[in-house]
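For the single chain, residues carry numbers from 1 onward in sequence order.
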Amino acid sequence: MSDPITGSKQRFSDFRAALYDCDAAHLRQQLRALCRPDCDATLAWPLGKVDGPDALFDQAYAPLLRAIPDLERRDYIVIGAVDRGEPWIACGGYYTGVFEKPWLDIPPTQHLATMRFIEFFRMDGNQIVSMRLLWDIPQLIMQADAWPMAPSLGVEIHVPGPATQDGIVTAPQDPEKSAASMQLVRDMIDGLGKYESGGHEAMQLERYWHPRMNWYGPAGIGSNRRIDGFRQWHQVPFLNALPDRQANTKQGGYDCFFADGDYVAFCGWPAMTATVSGDGWMGIAPSGQKIKFCSLDIWRCENGMLRENWVLIDLLDIYQQLGIDVLARMRELTIARQTI
């Protein structure tokens with residue numbers, strides 16, 4: 001007998017198919033068939049929370065399809081497991097197509113565009129009952145040459161899928177491998193918590209991360225390779241600015257945290273709280289304000305080490321908490337390109 005998540009993965013393939021060969025004329029009905037009527041979806045700022053498949057279509061997908069009529073979804077990671085009694089599926093990939101008309105007032109480019117996503121879905125039998133959809137909206141702003149904030153310290157690239165090309169996991173759960181992967185990530189997170197008492201060295205990143213690790217951050221932070229690249233271009237500025245950050249992995253204040261073979265997924269909405277008390281992260285001035293991070297993580301383990309990590313953070317929401325409307329600044333920057 002197959003493990004409980006296999007049926008959910010098979011059913012979820014219909015959701016992926018609907019958005020791969022996406023047809024705006026049929027998508028509403030497809031979402032109604034795939035989602036429970038009271039399904040809730042939480043998206044990145046400014047899209048926010050919507051209830052039901054019709055609202056999801058009207059407020060999220062329909063405007064995006066007007067801007068990118070040939071919208072196509074491409075997944076390179078699809079994993080799942082039962083966490084705390086509920087089936088969850090996590091996906092990583094990107095939306096792509098020709099950016100023809102404005103979306104969220106982002107000026108169109110008339111060129112091929114890509115927008116990363118990490119998405120989590122809670123299933124109930126054959127239907128989706130809850131979603132966390134984090135789309136990398138800043139990536140699309142950058143492609144439109146309209147990013148109004150500080151430049152990324154990391155490099156902005158088209159983030160690849162797993163080096164092993166095995167991210168779409170269809171095989172039944174391997175409990176032993178999944179448990180080992182989960183333990184590795186938990187141990188690494190415990191190590192990160194030692195920063196306050198012992199600084200960067202106390203976290204012992206070399207115990208957990210492969211020497212050739214890749215960390216794929218959101219647009220606005222960028223991506224890095226090797227531990228020294230991760231430290232220099234993300235971790236040190238982040239910790240200097242937010243030394244009191246507290247993750248929700250131990251307290252259980254998260255949606256799901258599970259492993260599927262070599263892959264581990266974490267969905268937190270929010271995932272972390274911190275006080276902006278220092279300078280040096282994304283050009284944000286130290287205001288002493290407490291903020292919440294809505295972030296999604298997927299790790300890939302290889303021979304007992306962490307080799308790749310896909311991370312998205314709702315950066316527009318963080319700026320909004322600090323009183324900065326990034327989209328308003330973008331409109332001012334691109335006023336001559338805005339549609340009248």
Asks: Ala90 and Ile298: which non-hydrogen atoms are nearest, and at how many Å?
Replies: CB-CD1, 4.4 Å
Asks: Is there a chain of hydrophobic side chains (I, L, V, M, F, W, Y, each step under 4.5 Å between heavy atoms) that links Tyr20 to Leu34?
Replies: no
Asks: In Å and rounded to the nearest 0.5 Å, what is the CZ to CZ distance from Arg231 to Arg226?
Replies: 13.0 Å
Asks: For Met115, is there any backbone N or O sitting under 3.5 Å from a side-chain donor or acceptor partner on Asp136?
Replies: no
Asks: Report yes or no: do Ile324 and Ile313 belong to one cluster of Ile/Leu/Val/Met/Phe/Trp/Tyr joined by side chain heavy-atom distances under 4.5 Å?
Replies: yes
Asks: Return the minimal non-hydrogen interatomic distance between Ile168 and Arg16, and the atom names on each side.
Replies: CD1-NH2, 3.5 Å
Asks: Keeping to residues at least two apart or across chains, list the salt bridge (Lys or Arg N to Asp or Glu O under 4.0 Å) pairs with something in residues 307-328.
Replies: Arg300-Glu308, Glu302-Arg307
Asks: Taking everything shown except Gln165 itself, do over 12 heavy atoms lie less than 6.0 Å from its CD?
Replies: no
Asks: Only counting residues at least two apart or in another chain, list the ones meeting side chain to side chain contact (heavy atoms under 4.5 Å, CB included) with Pro69.
Replies: Glu100
Asks: Could you pull out all residues at least two apart from Trp88 that satisfy ring-ring contact (aromatic ring centres under 6.0 Å, His included)?
Replies: none
Asks: Of all the heavy-atom pairs spanning Leu140 and Ala113, show the shortest one and how long it is.
Replies: CD1-CB, 3.7 Å
Asks: Do the side chain of Arg225 and the main chain of Arg212 share a donor and acceptor less than 3.5 angstrom apart?
Replies: yes
Asks: Apply side chain to side chain contact (heavy atoms under 4.5 Å, CB included) to Thr96 and list each qualifying residue two or more places apart in sequence or on a separate chain.
Replies: Glu72, Arg74, Tyr94, Leu112, Thr114
Asks: Would you say CG of Asp145 has more than 12 non-hydrogen atoms from neighbouring residues, nucleotides or ligands within 6.0 angstrom?
Replies: no
Asks: Looking at SG of Cys294 and CG of Leu43, how far apart are the two atoms once the value is rounded to the nearest 0.5 Å?
Replies: 11.5 Å
Asks: Could you work out, with salt bridge (charged side-chain N to carboxylate O under 4.0 Å, His left out) as the rule, every residue matching Lys290, not counting sequence neighbours?
Replies: none
Asks: From Arg245 CZ over to Thr275 OG1, what is the distance, rounded to the nearest 0.5 angstrom?
Replies: 12.0 Å
Asks: Between Lys9 and Asp260, is there a salt bridge with N-O shorter than 4.0 Å?
Replies: yes
Asks: Counting N and O atoms only, with roles assigned by atom type, does the side chain of Gln289 sit under 3.5 Å from a partner on the main chain of Val276, one being a donor and the other an acceptor?
Replies: no
Asks: Nearest 0.5 Å, please: how far is CG in Asn214 from CG in Asn224?
Replies: 9.0 Å
Asks: Please check if atom CG in Asp38 has more than 12 non-hydrogen atoms from other residues, nucleotides or ligands closer than 6.0 Å.
Replies: yes
Asks: Enumerate the residue pairs fulfilling ring pair (Phe, Tyr, Trp, His ring centres under 6.0 Å) with a member in residues 168-190, sequence neighbours excluded, ordered by first and then second residue.
Replies: none
Asks: Looking only at heavy atoms, what is the nearest atom pair of Met213 and Leu306, with distance?
Replies: CB-O, 3.8 Å
Asks: Run the ring-ring contact (aromatic ring centres under 6.0 Å, His included) test against Phe121 and tell me which residues pass, sequence neighbours left out.
Replies: Phe12, Phe15
Asks: Does this structure show an ion pair linking Arg73 with Asp21, if we count only N-O contacts that are shorter than 4.0 Å?
Replies: no
Asks: List in chain and number order the residues that pass side chain to side chain contact (heavy atoms under 4.5 Å, CB included) with Ala144, two or more places apart in sequence or in another chain; answer none if no residue qualifies.
Replies: Ile106, Pro107, Thr109, Ala146, Arg337
Asks: Do Arg122 and Asp124 sit within salt-bridge range, that is, some charged N less than 4.0 Å from a carboxylate O?
Replies: no
Asks: Check for me, please, whether Phe117 and Leu104 land in the same ILVMFWY cluster - side-chain distances under 4.5 Å, paths through other members count.
Replies: yes
Asks: With sequence neighbours left out, what residues match Trp135 under ring-ring contact (aromatic ring centres under 6.0 Å, His included)?
Replies: Tyr61, Tyr95
Asks: Taking side-chain contact (heavy atoms from CB on, under 4.5 Å) as the criterion, tell me which of Tyr216, Phe238, Trp281 meets it with Ile221.
Replies: Trp281
Asks: Is Arg207 salt-bridged to Asp187, going by a charged N under 4.0 Å from an acidic O?
Replies: no
Asks: Could you go step by step and tell me if Ile77 and Ile79 meet the side chain to side chain contact (heavy atoms under 4.5 Å, CB included) rule?
Replies: CA-CA 6 Å; Ile77 296 173; Ile79 57 176; 4.1 Å; yes
Asks: Specify the closest pair of heavy atoms between Ser130 and Arg132, including all atoms of both residues, with the distance to one decimal.
Replies: OG-NH1, 3.1 Å
Asks: If a pair satisfies side chain to side chain donor-acceptor pair (under 3.5 Å) and one of its residues is in residues 146-163, list it, with sequence neighbours excluded.
Replies: Ser152-Glu156
Asks: Is Arg84 positioned over the aromatic face of Tyr254, cation under 6.0 angstrom from the ring centre and no more than 45 degrees off axis?
Replies: yes
Asks: Taking atom CD1 of Ile318 and atom OG of Ser295, what is their separation to the nearest 0.5 Å?
Replies: 8.0 Å
Asks: Can you tell me how far CD1 of Ile335 sits from CG of Asp105, rounded to the nearest 0.5 angstrom?
Replies: 9.5 Å
Asks: Might you work through the side chain to side chain contact (heavy atoms under 4.5 Å, CB included) test for Met282 and Met149, ending with a clear yes or no?
Replies: CA-CA 8 Å; Met282 299 201 307; Met149 310 308 292; over 6 Å; no
Asks: Does Asp279 form a side-chain hydrogen bond (donor to acceptor under 3.5 Å, both in side chains) with Asn240? I'd like the steps, not just the answer.
Replies: CA-CA 7 Å; Asp279 194 6; Asn240 285 345; over 6 Å; no
Asks: Hydrophobic clusters join Ile, Leu, Val, Met, Phe, Trp and Tyr when side-chain heavy atoms are under 4.5 Å apart, directly or via other members; which others share one with Leu153?
Replies: Trp233
Asks: Going by the rule side chain to side chain contact (heavy atoms under 4.5 Å, CB included), which residues pair with Pro53 if we only count those two or more places apart in sequence or in a different chain?
Replies: Leu31, Arg32, Cys35
Asks: Is there a donor-acceptor pair under 3.5 Å between the side chain of Gln139 and the backbone N or O of Arg116?
Replies: yes
Asks: Which heavy atom of Phe120 sits nearest to which heavy atom of Cys256, and what is that distance?
Replies: CD2-SG, 3.3 Å
Asks: Please check this pair: side chain of Trp299 against backbone of Ser181, looking for a donor-acceptor N/O pair closer than 3.5 Å.
Replies: no
